[in-house]
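Following: one structure in structure tokens, then a few remarks.
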There are 2 protein chains.
Amino acid sequence: MQIRSTLPTLKDVARLAGVSPITASRAIHRPELVAEATRMRVKQAVEQSGYVPNSLAGGLTSRQTRLVAAIVPSVAHSLFSDMLNALISRLAADSYETTLGISNYEPEHEETWLTAMLSRRPDGVVLTGTEHTTRTRRLLLNANIPVVELWDYSPHPMDVAIGFSQEDAGRAVFRYLAACGYQRPAILRSEDSRAHRRAQGFARAAAEANAPEPVQIVFPESSPQAGRGREALGALLVKAPDADAVFCSSDALAQGVLAYAHELGLNVPQFGVFGFGDQALAVNSIPALSTVRIDGACIGRLGAEALITRMRGAPATPAQDVGFEIIARGSTRPAEPLRRQ
Amino acid sequence: MQIRSTLPTLKDVARLAGVSPITASRAIHRPELVAEATRMRVKQAVEQSGYVPNSLAGGLTSRQTRLVAAIVPSVAHSLFSDMLNALISRLAADSYETTLGISNYEPEHEETWLTAMLSRRPDGVVLTGTEHTTRTRRLLLNANIPVVELWDYSPHPMDVAIGFSQEDAGRAVFRYLAACGYQRPAILRSEDSRAHRRAQGFARAAAEANAPEPVQIVFPESSPQAGRGREALGALLVKAPDADAVFCSSDALAQGVLAYAHELGLNVPQFGVFGFGDQALAVNSIPALSTVRIDGACIGRLGAEALITRMRGAPATPAQDVGFEIIARGSTRPAEPLRRQ
DNA sequence: CTGTTAGCGCATTCAA
DNA sequence: TTGAATGCGCTAACAG
């Protein structure tokens with residue numbers, strides 16, 4: 001148990017400034033309600049005493065914590081880290097801080113995090129996707145605070161959802177690859193549920209086009225996606241030597257695949273490599289790489305803004321489809337966005 | 001202002017269970033102090049009422065928040081995101097939650113974050129590096145809580161520091177490259193201060209070896225490091241066409257450089273590419289890439305553990321040098337670690 | 001513009 | 001093993 005010298009309280013500041021505690025409080029948090037002179041004296045007292053407000057006490061009284069609880073599946077993927085950066089920064093601009101939980105793509109972990117986090121009485125919650133345990137939903141319902149679900153478009157969100165249809169994205173990629181003339185596109189992906197739904201869309205589009213069912217190489221979720229490139233492509237070339245294009249579940253994976261493809265002497269883009277995310281774009285060092293462009297930072301910012309709106313008590317658009325964009329580079333045909341919202 | 005139905009309090013639970021509030025509290029937090037039967041009744045009351053403890057009130061009384069304030073320069077770099085993941089997970093294992101601030105490599109931003117965060121009375125603080133504003137130091141001194149500084153080894157930390165000497169790392173890379181026979185190694189790096197110090201060590205080693213001063217290409221800090229590969233290598237080849245190796249400030253950058261080098265038809269590893277971090281390793285799809293291996297996850301875990309020790313009131317080793325490791329692959333000479341702690 | 005009163009929900013301290 | 005009294009530090013509501 002840490003023995004810490006008692007920190008100065010508002011009472012100390014008030015005494016120093018020769019005012020009542022509530023006036024000191026106002027001078028700090030709502031300076032416009034206080035006379036110039038008083039404000040100055042309080043300000044000086046704050047500096048002199050090294051006062052740091054105690055927001056536990058403040059939150060207890062005001063029932064506002066200026067805290068947001070966010071839970072993401074991972075911080076290792078650029079999409080999520082971009083989002084997180086934008087989310088945290090945007091929230092900070094409105095004086096909200098963020099507690100971060102990492103679910104490792106497991107709804108049960110999400111629930112565990114949420115349980116712990118709710119005891120801090122956050123003003124709002126940010127979750128990923130729309131798959132949550134029953135208890136998670138119940139907790140959130142009882143807590144009765146704004147909730148934003150990011151990444152998936154859902155017509156019936158718990159509160160607010162901002163994202164896009166993973167299925168549509170997968171479908172669009174298949175159609176694009178088919179339009180480029182690829183005959184046997186395959187899928188290299190991790191196990192997570194969003195990648196899974198993209199793959200479903202992809203396969204469905206294939207079925208609709210009477211194309212053969214796409215071969216899938218699936219590997220467990222894990223941090224170093226790029227590292228999977230080698231083994232995933234290797235596995236594919238064994239399982240489906242005639243594959244002529246791959247849809248990767250992340251940009252990092254696509255880069256790893258590309259590096260290995262180069263090494264094998266595969267001719268890209270005759271062998272098509274398709275990524276997912278925003279990095280391959282920034283990486284314009286990779287002209288052969290096409291991608292489904294998703295702007296994680298944008299989702300983070302929009303999420304923060306929707307949440308702020310809700311935390312202010314205003315209703316927000318319950319569901320927002322931010323869409324996606326097909327970016328084609330080095331393809332056998334000119335680029336042509338299939339869908340843009 | 002959100003109108004929220006009043007949540008059940010401990011009093012409600014107590015009433016339901018037919019005990020006093022303090023007994024209910026004990027049943028929840030220190031069950032071993034309470035009779036089996038009572039505990040059960042309380043447990044049921046908790047479930048029935050959907051009680052969620054209010055840790056604002058708890059923290060106010062107990063002066064313990066189980067909250068850790070962490071500030072990192074960026075979440076976009078794998079080193080930091082690996083660290084963050086390990087840090088947050090390890091802290092969570094001991095029931096600590098984390099509020100996250102992102103400083104963008106600016107000590108002033110760090111100060112701003114810290115100011116806001118300290119009002120939540122965190123039990124501990126995690127910072128990056130040893131460069132902090134005077135006010136940051138003063139705030140922390142007054143707050144009188146455990147502080148862990150990560151990434152840099154410093155013999156005189158504020159409280160606990162865990163990291164390695166950036167200078168030594170730079171120096172080791174130069175020596176390694178020289179030993180491999182590279183005559184004119186250059187540096188491609190972002191502006192951040194740790195990369196800067198590595199470059200200094202690199203240059204110093206060059207001077208000591210009577211080698212020409214290494215050319216440096218410096219670009220501003222920004223998320224998509226890999227995207228810089230193209231322009232950085234391009235700039236280098238203009239400024240120093242005779243450069244025969246590059247020391248990149250991150251693995252992502254090195255991958256971008258490598259991709260562009262391939263494109264240009266540069267023969268790697270005759271043209272040496274040296275990364276920094278843990279990704280190029282995981283990416284064993286890149287046999288040409290050597291690297292200074294730094295294990296971000298390890299730093300995060302060690303940081304969490306040191307902080308937990310301190311938060312329990314125990315002293316911790318003030319400074320820990322975790323060292324680094326030279327990993328050589330595809331080099332013109334066999335690998336030979338220069339230093340290993 | 002400033003102050004008084006009261007209470008937020010809980011855990012510590014002491015007593016039974 | 002349980003309970004009563006108390007106060008943590010602050011701000012809402014009202015009064016002046």
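The sequence lines fix the lettering, A, B, ..., with proteins before strands; numbering per chain opens at 1.
- Checking the phosphate oxygens (OP1, OP2) of C:dG3, a side-chain nitrogen or oxygen of A:Thr23 falls inside 4.0 Å.
- By the side-chain hydrogen bond (donor to acceptor under 3.5 Å, both in side chains) test, B:Thr309 is found to be paired with no residue, residues two or more places apart in sequence or in another chain being considered.
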Under 3.5 Å, which N/O atoms of the protein pair with N/O atoms of nucleotides 14-16 of chain D?
none

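- Partners of A:Asp152 by salt bridge (charged side-chain N to carboxylate O under 4.0 Å, His left out), not counting sequence neighbours, listed by chain and number: A:Arg194, A:Arg197.
- Under a cut-off of 6.0 angstrom, the local environment of CD in A:Gln44 is sparse, with at most 12 non-hydrogen atoms contributed by other residues, nucleotides or ligands.
- Closest to the side chain of A:Thr6, from the set D:dG9, C:dA11, D:dA12, is D:dG9.
- For the ring-ring contact (aromatic ring centres under 6.0 Å, His included) test, residues two or more places apart in sequence or in another chain that qualify with A:Trp151 are A:Phe80.
- Looking only at atom types and distance, the side chain of B:Thr115 has a donor-acceptor partner in the side chain of B:Arg135 under 3.5 Å away.
- Considering only side-chain N and O atoms, B:Ser20 lies under 4.0 angstrom from the phosphate OP1 or OP2 of D:dG3.
- Along DNA chain D, the nucleotide nearest A:Val52 and the nucleotide nearest B:Leu33 are compared for position; the residue whose nucleotide lies closer to the 5' end is B:Leu33.
- Side chains of B:Val160 and B:Pro146 form no contact here, defined as non-hydrogen atoms less than 4.5 Å apart.
- Spacing between atom CD1 of B:Ile28 and atom C1' of C:dC10 amounts to 11 Å, rounded to whole angstrom units.
- In terms of phosphate contacts, A:Ser25 brings a side-chain nitrogen or oxygen within less than 4.0 Å of OP1 or OP2 of D:dT11.
- Considering B:Glu110, B:Glu191, B:Glu221, B:Glu131 as possible partners of B:Tyr105, the one that fulfils the side chain to side chain contact (heavy atoms under 4.5 Å, CB included) test is B:Glu221.
- Rounded to an integer number of Å, the gap from B:Leu60 CG to D:dG7 C1' is 9 Å.
- Rounded to an integer number of Å, the gap from A:Arg66 CZ to D:dC10 P is 18 Å.
- The distance from atom CZ of A:Arg15 to atom P of D:dG9 is 12 Å, rounded to the nearest whole Å.
- For B:Thr98 (side chain) and B:Leu100 (main-chain N/O), no donor-acceptor pair under 3.5 Å exists by modelled atom type.
- Without hydrogens or angle criteria, A:Asp159 side chain to A:Val148 main chain gives no donor-acceptor distance under 3.5 Å.
- With rounding to whole Å, B:Leu56 atom CG is found 12 Å from D:dG9 atom C1'.
- Whole-Å rounding puts the B:Leu7 CG to C:dC10 C1' distance at 15 Å.
- A donor and an acceptor atom, one from each side chain of B:Glu111 and B:Thr133, are located under 3.5 Å apart.
- Within a heavy-atom distance below 4.0 Å of DNA chain C, the residues of residues 35-48 of chain A found are A:Ala35, A:Thr38.
- B:Thr128 contributes a side-chain N or O that, together with a main-chain N or O of B:Ile71, makes up a donor-acceptor pair within less than 3.5 Å.
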Show the distances under 3.5 angstrom between N or O atoms of the protein and N or O atoms of nucleotides 5-7 of chain C.
unit_1: C:dG7; atom_1: N2; unit_2: A:Thr61; atom_2: OG1; d: 3.2

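- One atom, CD of A:Gln64, and another, C1' of D:dA12, lie 12 Å apart when rounded to the nearest Å.
- Listed candidates were D:dG3, D:dT11, C:dG3. Nearest to the side chain of B:Val19 is D:dG3.
- If you measure from atom CZ of B:Arg120 to atom P of D:dC8, you get 22 Å, rounded to the nearest angstrom.
- Here the side chain of A:Arg90 pairs no donor or acceptor atom with the backbone of A:Gly303 at under 3.5 angstrom.
- A close approach under 4.0 Å does occur between a side-chain nitrogen or oxygen of B:Arg63 and OP1 or OP2 of D:dG9.
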